[in-house]
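Okay, so here's the structure we're looking at.
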There are 2 protein chains.
Amino acid sequence: MAMMLEVTAYPKPGNVDRCHDYPSTHFEHFLASAILAGPVLRRAQEGREPVGKLFREAISATNIHTGGNTHFGAFLLLIPLVIGGDIEGAKKVVSATTIEDALDFYDAFGLTKVRMLESDPLDVRNPEAKRIIREKGLTLHAIMEHSAARDMVAREWVNGFALTRKGAELLKLHGSGRKAIVATFLDMLASEPDTFVIKEHGKYIAMEVMSLAQEAKAGRISLEMLDQRLVSKGINPGSLADILIASIYVALGEGWEWEF
Amino acid sequence: MAMMLEVTAYPKPGNVDRCHDYPSTHFEHFLASAILAGPVLRRAQEGREPVGKLFREAISATNIHTGGNTHFGAFLLLIPLVIGGDIEGAKKVVSATTIEDALDFYDAFGLTKVRMLESDPLDVRNPEAKRIIREKGLTLHAIMEHSAARDMVAREWVNGFALTRKGAELLKLHGSGRKAIVATFLDMLASEPDTFVIKEHGKYIAMEVMSLAQEAKAGRISLEMLDQRLVSKGINPGSLADILIASIYVALGEGWEWEF
């Protein structure tokens, strides 16, 4: 439900939404992923299987289409949140991850085309990465610590889901349904540089996106104009969208209303 | 998946789609219903539970929102199709229904606000209906026979899913993905008076919708214009949309491509 509500809300500047597709990633791919993930997420809810295994199976169940990795980052947050039930539970789940979880995460990574820095020894394209994990005894939490500096989704694992929590509070503050989702996304866009944008376009562009979002918040440019600016440059703040999904999940669990 | 693909395709004249909501029924309600139905549809796939019970549970699982009965007719087709695996299997399933199935169907009906003709002794609002079913030993198939003359979804139960089959063939004929879905919907709209429209607006309006769809097929009016005409009069061909969902399900099972 959180995945569906996030992708459906519009206008969500730069991202696939009810009114936008990307050339090779369509709205339907995101919704298909939300539907195909159902059985794995329900198993996560039962809380009897480890994070890494469920994460790998979520990726495996949802990448049967050609639309790319629609929810890689979202699953990285949702799986511990669904297992743990809420943020407090998820914090326990992520701190208890094992080397097996790390290896499963790398197998999941191998199923995708998610990009990492090429210089990184823990890059999934590095055939040595799994050997290094075993030798150094790295847990999935340790991998996320390693990635936290340049990946805001990984950062959620080590900072107690701080931005997820902030997003959930913003959703409640902004009311209910799709308008609250859009307003929350804009708030996040205006206050956090998206690390996916940094990886794809560099830090300067990510800061520019933040400034533009601040302009939109202040009403000096319209959301539609902001959207056009980002889409025309192929800038999609995908990591913030992943965190927004986690925020919606947490907010729904705390009684936030998705209907409007 | 079929439910998601149907509601997402646009423009689907008169109906909720990616670009249209109705005032109290939103796009998100349809997608929520598709997601919430997942567990029941998966049980249907296992084929161990009766149609009526699964139908009642599908309605019960999906009417937790305020958007109304988004998929009542669709479930009436999908449940036997999913249990049976394909149209041939579904024909066996519907012909083997029992009085228990009929009673479960009435319980499901009672959970909704779906309308029937008030003069009908088998109307769900008639407290005598369930007594009549028991006394006359009516199966769910018999109920559908009773309704077939004025309800095209019920008609599918007694004519071997004829329009469902036609829709599946049209989908393949029209290619893949959302364009094929829209073209198939238009073909059906131009050739079949929608019984939901007849119930809501009368036979004359339903025939007028058919003529307008023929105009759109011939390129004399645009799909957008047809859509506006229907929406402005509150005309939504909901039964054809239900059958289209069944057609998409069947076509997907026969290798039709939803990606494009």
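Chain A is the first sequence line, chain B the second, and so forth, proteins listed ahead of strands; every chain is numbered from 1. Every value quoted in this text rests on a predicted model; they were computed, and no experiment measured them.
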Crowding at CZ, A/Arg43 (>12 non-hydrogen neighbours, <6.0 Å):
yes
So CG of A/Leu31 and CD1 of B/Ile35: to nearest 0.5 Å the spacing works out to 7.0 Å
Cut-off 4.5 Å, heavy atoms of chain B, and the answer for A/Glu28 is both
In short, B/Met4 meets A/Ala32 closest at the heavy-atom pair CE-N, 3.6 Å
Practice problem: Go through the steps to decide whether B/Glu259 and A/His26 satisfy the test side chain to side chain contact (heavy atoms under 4.5 Å, CB included), and finish with yes or no. | Solution: CA-CA 9 Å; B/Glu259 298 193 85; A/His26 306 138; over 6 Å; no
Assess whether atom CZ of B/Arg165 is packed by more than 12 heavy atoms of other residues, nucleotides or ligands within 6.0 Å. yes
